[in-house]
J.: 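Structure incoming, see below.
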Amino acid sequence: MYGPEEILRAKEAIARRISLEPPIAVVLGSGLGALANGLDEAVAIPYDELPFWPHSTAPGHAGRLVVGRLSGIPLLAMQGRVHLYEGYSARDVVFPLRVLAALGVRTYVATNASGGVNLAYRPGDLVLVEDHINLMGDNPLVGTNEETWGVRFPDMTEAYSPRLIKAAEKAAASEGIWLKRGVYVGFKGPSFETPAEIRMARILGGDLVGMSTIPEVIAANHLGLEVIAISCVANFAAGMTKNRLTHEEVLEEMGKASDRLIRLVRAFLREIAETHV
Ligand code: HPA
């Protein structure tokens, strides 16, 4: 179990190797790592060179931190994240996020792959998460509260920043990219959901299902960071078609969408660099 001391040590290990202090971090989900390859003045640090850092084992997740500039804007990109289904607790999963916050990050941009639950969604759709339902059975804030990080009972009314959502919609419009909004339902995985679970998610008001992001969003809100999450629909959720679900299909669809997502993130960063940060 880590605390402020371990966070500080990981922070110092990164700070020694970088000269920029980016106020924004982007976390790249399954198959989206390509965004970090386009950074200028990039410094890449493999996760296994960082103390206490959890290692990702999921295929499609490179496992390194890349610091550089995207369209001139200083940015910290995480290529790969860890998940609850890898055996980590929600508290472990958010260790990197807490280190990034200690490094000065104030805006957290999450990307992920998801299954489309909403009947109007199609694979390849980009969806701004406007709220979530946590069915993951864990919360990163369980345990003694670290008062220097945040309050015991953080408010989650605007867990996904309305002003960042507006900025992303403006950026998307300028790029001619169609964006939807939706509610993300988090399951622990690693098995895909059953058709009955997908029907339940829909009845509960969910539009997307996935196995990530929620722990980090909770911890980011606890720390007072501003959050946006962009989900790429990789597949129709279980039971919606006759097809069986595979991770290969998810990666293939993300590969097809990644250029569009990268264009969106670039335009979004330009938008908030001018108006917000
Ligand atoms: N379910 C959960 N996670 C996912 C899915 C899905 O259908 N597709 C991509 N990530």
Side-chain angles (χ1 to χ4, degrees), residues 26-35 56-63 78-88 90 93-94 109-138 160 179-218 228-262 264-265:
V26 183
V27 176
L28 304 167
S30 297
L32 298 171
L35 188 133
S56 56
T57 59
H61 289 249
M78 283 180 58
Q79 274 180 322
R81 55 154 70 85
V82 295
H83 306 81
L84 294 175
Y85 63 70
E86 293 172 82
Y88 294 105
V93 164
V94 304
V109 183
T111 64
N112 64 40
S114 59
V117 171
N118 186 316
L119 299 170
Y121 291 179
R122 294 286 172 274
D125 281 354
L126 296 178
V127 183
L128 291 177
V129 177
E130 55 182 359
D131 205 345
H132 74 223
I133 297 175
N134 181 8
L135 299 182
M136 300 179 105
D138 198 359
Y160 300 84
L179 265 187
K180 296 177 175 171
R181 288 194 191 192
V183 173
Y184 180 94
V185 183
F187 286 86
K188 184 186 249 175
S191 50
F192 285 111
E193 301 73 28
T194 64
E197 286 166 343
I198 296 304
R199 289 194 297 275
M200 175 188 75
R202 192 177 299 121
I203 290 165
L204 294 179
D207 299 298
L208 304 158
V209 282
M211 306 175 194
S212 69
T213 309
I214 289 179
E216 297 99 300
V217 170
I218 294 171
I228 183 163
I230 308 168
S231 191
C232 181
V233 177
N235 53 277
F236 290 100
M240 294 173 66
T241 71
K242 293 208 158 42
N243 298 346
R244 296 171 72 90
L245 303 183
T246 66
H247 189 58
E248 288 66 35
E249 177 197 352
V250 170
L251 292 182
E252 191 186 324
E253 201 56 51
M254 299 309 283
K256 284 193 245 164
S258 98
D259 283 353
R260 217 166 2 112
L261 184 67
I262 289 171
L264 172 64
V265 172

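Every number for a ligand or one of its atoms is a count from 1 in the order of the listing. Position 1 is the first residue of the sequence, and the numbers go up from there.
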J.: Check each atom of ligand 1 against the heavy atoms of F192 and keep those under 4.0 Å away; list them by number with element.
T.: 1 (N), 5 (C), 6 (C), 7 (O)
J.: Pick one: which of D125, N112, V127 meets side-chain contact (heavy atoms from CB on, under 4.5 Å) with L208?
T.: V127
J.: Walk me through it: do M200 and L135 pass the test side-chain contact (heavy atoms from CB on, under 4.5 Å)?
T.: CA-CA 11 Å; M200 175 188 75; L135 299 182; 3.6 Å; yes
J.: Can you tell me which residue and heavy atom of the protein come closest to atom 5 (C) of ligand 1, and the distance to 0.1 Å?
T.: G115 N, 3.4 Å
J.: Provide the closest heavy-atom pair for R181 versus D207 in the form atom of the first, atom of the second, distance.
T.: O-OD2, 4.5 Å
J.: Is the contact between S114 and ligand 1 made by the side chain, the backbone, both, or neither, using heavy atoms and a 4.0 Å cut-off?
T.: backbone
J.: For atom 2 (C) of ligand 1, grab the closest protein heavy atom and report residue, atom and distance to one decimal in Å.
T.: E193 OE2, 3.1 Å
J.: What's the shortest distance from atom 3 (N) of ligand 1 to any protein heavy atom, and which residue and atom give it?
T.: G210 CA, 3.4 Å
J.: For atom 7 (O) of ligand 1, what is the closest protein heavy atom, and at what distance to 0.1 Å?
T.: N235 ND2, 3.0 Å
J.: Kindly determine whether V217 and Y184 satisfy side-chain contact (heavy atoms from CB on, under 4.5 Å), including the steps that lead there.
T.: CA-CA 12 Å; V217 170; Y184 180 94; over 6 Å; no
J.: Within a strict 4.5 Å, meaning less than it, do heavy atoms of the R202 and M240 side chains meet?
T.: yes
J.: Which residue and non-hydrogen atom of the protein lie closest to atom 10 (N) of ligand 1, and at what distance in Å?
T.: A113 O, 3.5 Å
J.: Please answer whether the main-chain N or O of G29 pairs with a side-chain N or O of T111 as donor and acceptor at a distance below 3.5 Å.
T.: yes
